[in-house]
Each structure stands twice: as structure tokens, then as C-alpha cells.
*Asks:* 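Here you go, one structure.
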There are 2 protein chains.
Amino acid sequence: MGARKGPMEGRETGTLGKLMALLDLVTHADGPMRFTDILAVAGQPRGTLHRQLVHLSEEGLLEVDDDGRYLPGLRLLDLASRSWARNEFRLVAEPHLTALQKLTGETVHLGVLRGTSIIYLDKVEGQQSVRMYSQIGNASPIYCTGVGKAALSILPQARLEALLAELEFQRFTPSTHTAETLVAEMDDIRHEGCAFDREEHEVGIRCVAAPIWSDNLSFIGGVSVTGPAYRLTMERLEEWSTPVRQSAQDIMRDMRIGLGPRR
Amino acid sequence: MGARKGPMEGRETGTLGKLMALLDLVTHADGPMRFTDILAVAGQPRGTLHRQLVHLSEEGLLEVDDDGRYLPGLRLLDLASRSWARNEFRLVAEPHLTALQKLTGETVHLGVLRGTSIIYLDKVEGQQSVRMYSQIGNASPIYCTGVGKAALSILPQARLEALLAELEFQRFTPSTHTAETLVAEMDDIRHEGCAFDREEHEVGIRCVAAPIWSDNLSFIGGVSVTGPAYRLTMERLEEWSTPVRQSAQDIMRDMRIGLGPRR
DNA sequence: TCATGTATTCCATTATTTGGAACTTAATTT
DNA sequence: AAATTAAGTTCCAAATAATGGAATACATGA
């Protein structure tokens with residue numbers, strides 16, 4: 001296949017890139033990893049890997065438990081809490097998310113397109129079930145979430161195709177899209193101004209989402225209302241598409257004010 | 001003062017250390033920074049700084065807005081959400097935090113000692129005021145928070161002194177401790193098994209906290225109940241010191257089970 | 001004790017980072 | 001519009017840090 005050396009050939013971040021790849025590896029694992037476990041999958045020589053792990057640990061990006069196993073470090077929490085607290089999109093959207101939650105009584109999400117994933121930036125639940133923070137920061141597939149499909153719908157054709165080419169479609173439920181059915185639905189979404197998730201990511205969960213974007217498309221996201229299928233019938237979902245679209249509009253309006261005249 | 005080259009001389013993390021220092025600088029700033037702003041404070045030559053910023057941005061640790069200003073990147077959120085979701089201390093403690101919140105009706109915090117700060121790992125509020133995630137991940141001073149003082153109280157003398165030597169005492173309220181008054185209170189805390197925050201960090205906020213530690217002191221943290229002074233009279237706080245201490249005990253018991261027999 | 005799996009250190013070689021200066025681009029003034 | 005100043009980017013020889021194979025230390029259990 002192709003003569004290129006590998007995927008992501010453009011990325012040249014030197015030492016940092018290698019260290020971040022390793023950090024990702026350990027962070028995305030199911031549990032703590034011993035040195036040998038990492039050695040088996042990291043494809044680095046012993047000496048190199050050892051020094052890299054020591055450096056990451058000394059910086060607090062990884063931690064070593066009493067058994068010498070490596071796991072994600074708490075320094076990441078501190079860094080992320082600042083990233084989150086200062087995110088302008090989230091700050092502007094917050095009151096609208098709360099209002100939408102009160103109106104519908106269901107869970108409201110705010111997400112943003114990053115690469116080929118949706119990253120959730122905020123979540124407002126009704127009967128606060130104590131599970132705060134969860135979900136926030138999670139990277140979810142773009143092709144089977146409401147926010148993801150809404151985001152796709154406003155991409156210009158070229159960028160859409162480029163993105164689709166990078167996707168791998170995994171089947172989560174019987175309704176999960178394939179490349180073909182996803183493309184087929186795009187026109188509907190563009191026409192309606194909102195996207196429905198009909199149990200495409202998780203059985204028993206439905207959602208309606210509307211896109212949010214900046215004038216120059218330098219960023220694209222969305223807002224959604226999510227809930228169990230027994231409460232969120234398709235009729236109810238249609239009904240709520242109006243307030244969801246309205247929320248998206250309101251957030252966009254406030255962002256323009258917030259940013260002021262460009263320069 | 002002393003002949004050492006600088007603080008943290010032991011840390012030798014090469015390229016990573018320099019990049020993380022830069023990441024911290026931008027992340028801890030009040031707002032987005034332009035290249036020149038960073039240049040003025042980073043103490044790095046133009047060429048070097050530029051490449052570092054490009055590398056951090058390509059990895060998603062920083063982002064560049066439409067005006068070319070740098071701010072914390074969302075990659076941090078993804079990394080942190082995994083660090084948080086998998087944190088064993090937090091997972092074990094969670095049901096106990098919820099129980100304690102229900103019993104007292106006030107806000108419950110879980111924190112862990114990291115260096116000279118307390119990092120908050122979880123928070124359970126009553127009338128969930130929608131402000132989820134906030135506070136979690138925040139690094140707070142050790143000498144004027146309940147959890148911080150509780151953690152200090154179980155440190156062995158040598159480690160306590162080493163830590164105190166590194167602290168700079170900032171006066172947040174009229175009741176904030178100085179080095180002397182803090183040391184003086186230690187015996188009380190050790191005797192009582194819990195620490196009170198008598199509006200030492202924020203006027204109008206009181207709290208009672210109990211320490212949590214592992215057998216070998218490889219980790220130290222605490223649990224606390226926090227609330228407004230008008231509700232949390234000192235009598236009420238004394239009353240709740242019992243369930244708080246009990247929660248700490250329960251969490252420690254469950255952690256030992258969770259970790260299993262050491263090896 | 002010895003055997004075995006695991007983690008750490010060493011150091012000559014190799015690759016990356018460094019930083020001053022030259023260059024490009026954008027914004028501001030005359 | 002041209003000139004001036006400021007802001008950001010690129011270049012490349014020298015300095016520095018990362019690499020990786022092999023030797024060494026450490027832990028565990030027969």
C-alpha cells in the first residue's frame with residue numbers, strides 16, 4: 001500500500017512526540033502496567049524505555065505504585081482543570097446548557113470536534129446522580145453520536161471527505177452507521193439543522209443535537225439532549241429539536257459578543 | 001542563601017522538563033498569551049521558544065486561537081479524564097463520600113497530598129449547583145485547608161519538617177496559619193484525629209477533615225465536610241468530626257481489601 | 001544456595017535541541 | 001502609497017540530550 005513511511009508522517013514533534021505516545025499508551029491501558037508489559041508493546045529498547053518512564057514519572061505525568069507499576073499521574077488533573085476552567089466555549093455555553101436541562105429534564109452535553117473525535121466539554125444532569133466529571137474529557141466517535149453527526153453536517157465537502165477517509169467504522173449497535181448510511185443521512189441533517197442518535201452508539205439511548213460553529217470554521221462543536229429511549233420517543237425528540245437548535249443559536253450569538261470584533 | 005544552584009536541583013528530566021515548564025507557564029496564565037508575552041517571561045531565545053510552542057501545539061497540549069495566541073489544549077482533558085476515572089483511591093472512596101454527604105447535607109471533598117499541595121480528587125455536593133468538575137484537579141495550599149492539615153498531622157517528624165521548609169505562608173484571612181501557629185496546632189490534630197478549618201482559607205467557610213493514609217505512607221490524603229460558617233457552627237463541626245473520622249476509617253479499610261495482600 | 005525473571009545503570013554513538021542572526025510577514029505611521 | 005516598526009518564522013553550525021546494546025543489580029522462588 002502506498003510508499004509513505006507510516007501514518008501521520010507530517011507530525012514531527014521530536015522527543016516530545018515519542019514521550020506523548022508512551023504516555024498515551026499507559027494512560028489508555030485498562031490498568032496499571034509493569035515495565036515488561038510496556039516493553040512488550042512500546043517497541044523501544046529497554047534502556048530507552050526505562051529513561052522515558054523515569055522522566056514522565058518525575059514530571060508527575062505518570063505515577064508508580066507500590067508494586068512498581070505505572071499509571072496516569074495526577075499532574076494531568078491539575079493541567080486539565082485549568083484547560084477546562086478557562087475554555088471560553090464552555091464558559092459561554094454554560095447558562096444555555098442549564099436552561100436546556102431545566103426545560104427538558106434530560107441530560108445535556110456540550111462537545112467539540114477535535115481530529116476525528118468528539119471531546120465532551122461539559123454535561124448537565126437533572127437529578128444529579130453524583131457521577132460528576134465522568135464523561136467530560138472523553139473522546140467519543142464522531143459517526144454515532146448526535147453531536148458528532150451534527151458537527152459533520154456543517155463541514156465543507158472537501159474537509160468532510162478527508163475526515164471520513166480517516167474513520168474506521170465500528171459497529172456498536174444494530175443501528176450504528178456505516179460509511180454509506182452516514183453519508184446518506186448528511187443531507188437530512190443539513191436540512192433539519194439537527195441530528196438524531198437513534199440508539200446508534202448504545203442500545204436504549206437516544207439523543208438530539210444541533211451544531212455550533214465559528215464563522216471561519218476554526219472550531220466546530222455541538223449541544224445535545226440525551227436520555228433513555230423509553231422516555232425519549234422519536235416524537236418527543238422531534239419536539240425538542242426546536243429548543244436544542246435555539247440553544248445552539250444562542251450560544252453562537254454569545255460567542256461572537258464574547259470574542260468581540262475580530263482584532 | 002545556600003550554595004545550591006536552584007530549587008528542585010534533583011530533577012533531571014531533560015527536554016521534557018523544559019517543555020513541561022513552558023506548558024505550566026501558559027496553562028497557569030490568566031488568559032491566552034501571544035508569542036511575545038511568553039518570550040518576555042520564559043527566558044528562552046526566540047528560535048528555541050518558537051519550536052517548543054510548535055511542538056506542544058502539534059501534540060494538542062497547547063492550542064492556538066484565531067489571533068495566534070496560545071492556550072491550554074484539550075488533549076489534556078482526555079488524558080486527565082483517564083487519570084481520574086482509573087484512580088483507585090477515588091473509586092474506593094466514592095460510596096463513602098456520598099454517604100457522608102447524605103448524612104451531613106454539606107459538601108464533601110476528597111483530596112490527596114502531592115508535593116506541597118493538596119489536589120482535590122472528588123467532590124459531592126448536596127443541591128447539586130450544576131458546577132460539576134470545578135475544584136476537582138485544583139491544587140490548594142496544605143497549611144490552610146482541612147484536608148491539608150489532616151494530611152500533615154500523620155507525617156513523620158522528619159518529613160513534616162522537610163515539607164514545612166519548602167512552604168511559603170500566604171495570609172488569605174485573619175485566621176490563616178503562620179509557620180508557628182501551624183506547628184502548634186499539630187498536636188491537637190494528632191490527638192483529635194481530625195483537623196478543623198476555622199475560616200483559614202476563605203472567610204465564611206469552615207470545614208472538618210480526617211486523614212487517610214496507606215500503611216507505608218506512600219500516599220496520604222483526607223476527606224472533609226465543608227460549608228458556610230453560619231450553618232457550620234463550631235459545635236456542629238465537632239459533632240460531625242465523628243462521622244468524618246469514621247468515613248476515613250472505612251475508606252482505609254476498603255482500600256486494603258481493594259489492594260489485596262501486598263504482592 | 002542457585003536459578004530465573006525483572007528492573008536499572010553504563011557509556012560510546014547518534015540524533016535532537018539550541019540560539020543567534022537573517023528573513024518574512026503584518027501592522028502602524030508618515 | 002511608501003517607510004517604519006513590530007511580530008513571527010526559518011536557518012544551520014555548535015552544544016546538548018537521547019539512544020540502545022550489554023553489563024549489572026535486584027527480587028523471587030525452587
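Computed from a predicted structure; not experimentally measured. Chain identifiers are assigned alphabetically (A, B, ...) following the order of the sequence lines, protein sequences preceding nucleic acid strands; residue numbering begins at 1 within each chain. Hydrogens, waters and symmetry mates play no part in the numbers below; they use all other heavy atoms, side chains included.
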*Asks:* How close do B:Leu217 and B:Arg159 get, counting heavy atoms only, and between which atoms?
*Replies:*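 Heavy atoms of B:Leu217 and B:Arg159 come nearest at O-NH1, 3.2 Å.
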*Asks:* Please name the pair of heavy atoms, one in B:Ala248 and one in B:Pro211, separated by the smallest distance, quoted to 0.1 Å.
*Replies:*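 Looking at all heavy atoms of both residues, the shortest contact is CB-O, 3.5 Å.
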*Asks:* Grab the NZ-C1' distance between B:Lys18 and C:dG19 for me, whole Å please.
*Replies:*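 Spelled out: NZ on B:Lys18 to C1' on C:dG19 is 12 Å.
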*Asks:* Which pair of heavy atoms, one from B:Ala209 and one from B:Ala150, lies closest together, and at what distance?
*Replies:*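 Shortest heavy-atom contact: O-CB, 4.1 Å.
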*Asks:* Counting side-chain heavy atoms from CB outward, which of C:dT6, D:dG20, C:dG19 is closest to A:Thr48?
*Replies:*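 Within the option list, the nearest is D:dG20.
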*Asks:* Roughly, in whole Å, what's the span from NE2 in B:His55 to P in D:dA17?
*Replies:*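 One finds 17 Å between P of D:dA17 and NE2 of B:His55, rounded.
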*Asks:* For B:Arg190 and B:Asp187, what are the C-alpha separation, side-chain angles and deciding distance, and is it a salt bridge (Lys or Arg N to Asp or Glu O under 4.0 Å)?
*Replies:* CA-CA 5 Å; B:Arg190 276 189 275 256; B:Asp187 271 335; 3.7 Å; yes
*Asks:* How is A:Gly47 classified with respect to the nucleic acid when contacts are heavy atoms under 4.0 Å: base, sugar-phosphate, or nothing?
*Replies:*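 Here A:Gly47 touches the bases of the nucleic acid.
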*Asks:* Could you check whether any side-chain heavy atom of A:Val64 comes within less than 4.5 Å of a side-chain heavy atom of A:Arg69, counting everything from C-beta outward?
*Replies:*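 Contact flag for A:Val64/A:Arg69 side chains = no.
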*Asks:* Tell me if a side-chain donor or acceptor on B:Tyr70 pairs with a main-chain N or O of B:Leu23 at a distance below 3.5 Å.
*Replies:*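 The answer is no, because no donor-acceptor pair under 3.5 Å joins these two groups.
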*Asks:* Over how many whole Å does the gap from A:Asp67 atom CG to D:dA27 atom P extend?
*Replies:*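 From A:Asp67 CG to D:dA27 P: 13 Å.
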*Asks:* To the nearest Å, give me how far apart CG (A:Leu49) and C1' (D:dG21) are.
*Replies:*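 It works out to 15 Å between those atoms.
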*Asks:* Applying a 4.0 Å non-hydrogen cut-off, can you work out what B:Thr36 is touching in the nucleic acid: base, sugar-phosphate, or nothing?
*Replies:*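 The answer is sugar-phosphate, as B:Thr36 gets under 4.0 Å only of primed atoms, P, OP1 or OP2.
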*Asks:* Between atom CZ in A:Arg51 and atom P in D:dG20, what is the gap in whole Å?
*Replies:*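 Atom-to-atom, A:Arg51 to D:dG20, this comes out as 9 Å.
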*Asks:* Write down the distance between CD (A:Gln44) and C1' (D:dA18), rounded to a whole number of angstrom.
*Replies:*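 Between C1' of D:dA18 and CD of A:Gln44: 10 Å.
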*Asks:* Could you state the atom-to-atom distance from NE2 of B:His50 to C1' of C:dA21 in whole Å?
*Replies:*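 Computing the B:His50:NE2 to C:dA21:C1' distance gives 15 Å.
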*Asks:* B:Pro45 has a side chain; which of D:dT19, C:dG20, D:dT9 sits nearest to it?
*Replies:*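 Among the listed nucleotides, the one closest to the side chain of B:Pro45 is C:dG20.
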*Asks:* Indicate yes or no for a side-chain donor-acceptor contact from B:Thr145 to the backbone of B:Gly148 under 3.5 Å, with no hydrogens or angles considered.
*Replies:*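 It does hold such a pair.
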*Asks:* Bend angle of the helix from C:dT1-D:dA30 to C:dT30-D:dA1 from five-pair axes at both ends, rounded to 10°?
*Replies:*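 That helix gives 40° between its end axes.
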*Asks:* Mind calculating the distance between CD (B:Gln52) and P (D:dT9) to the nearest angstrom?
*Replies:*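 Rounded to whole Å, this separation is 14 Å.
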*Asks:* Select base, sugar-phosphate, or nothing to describe what B:Thr15 touches, counting heavy atoms under 4.0 Å on all strands.
*Replies:*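 The residue B:Thr15 makes sugar-phosphate contact but no base contact.
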*Asks:* Let me spell it out: for each of A:Arg46 and A:Leu16, pick the nucleotide of DNA chain C with the closest heavy atom. Which residue's pick is nearer the 5' end?
*Replies:*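 Result of the comparison: A:Arg46.
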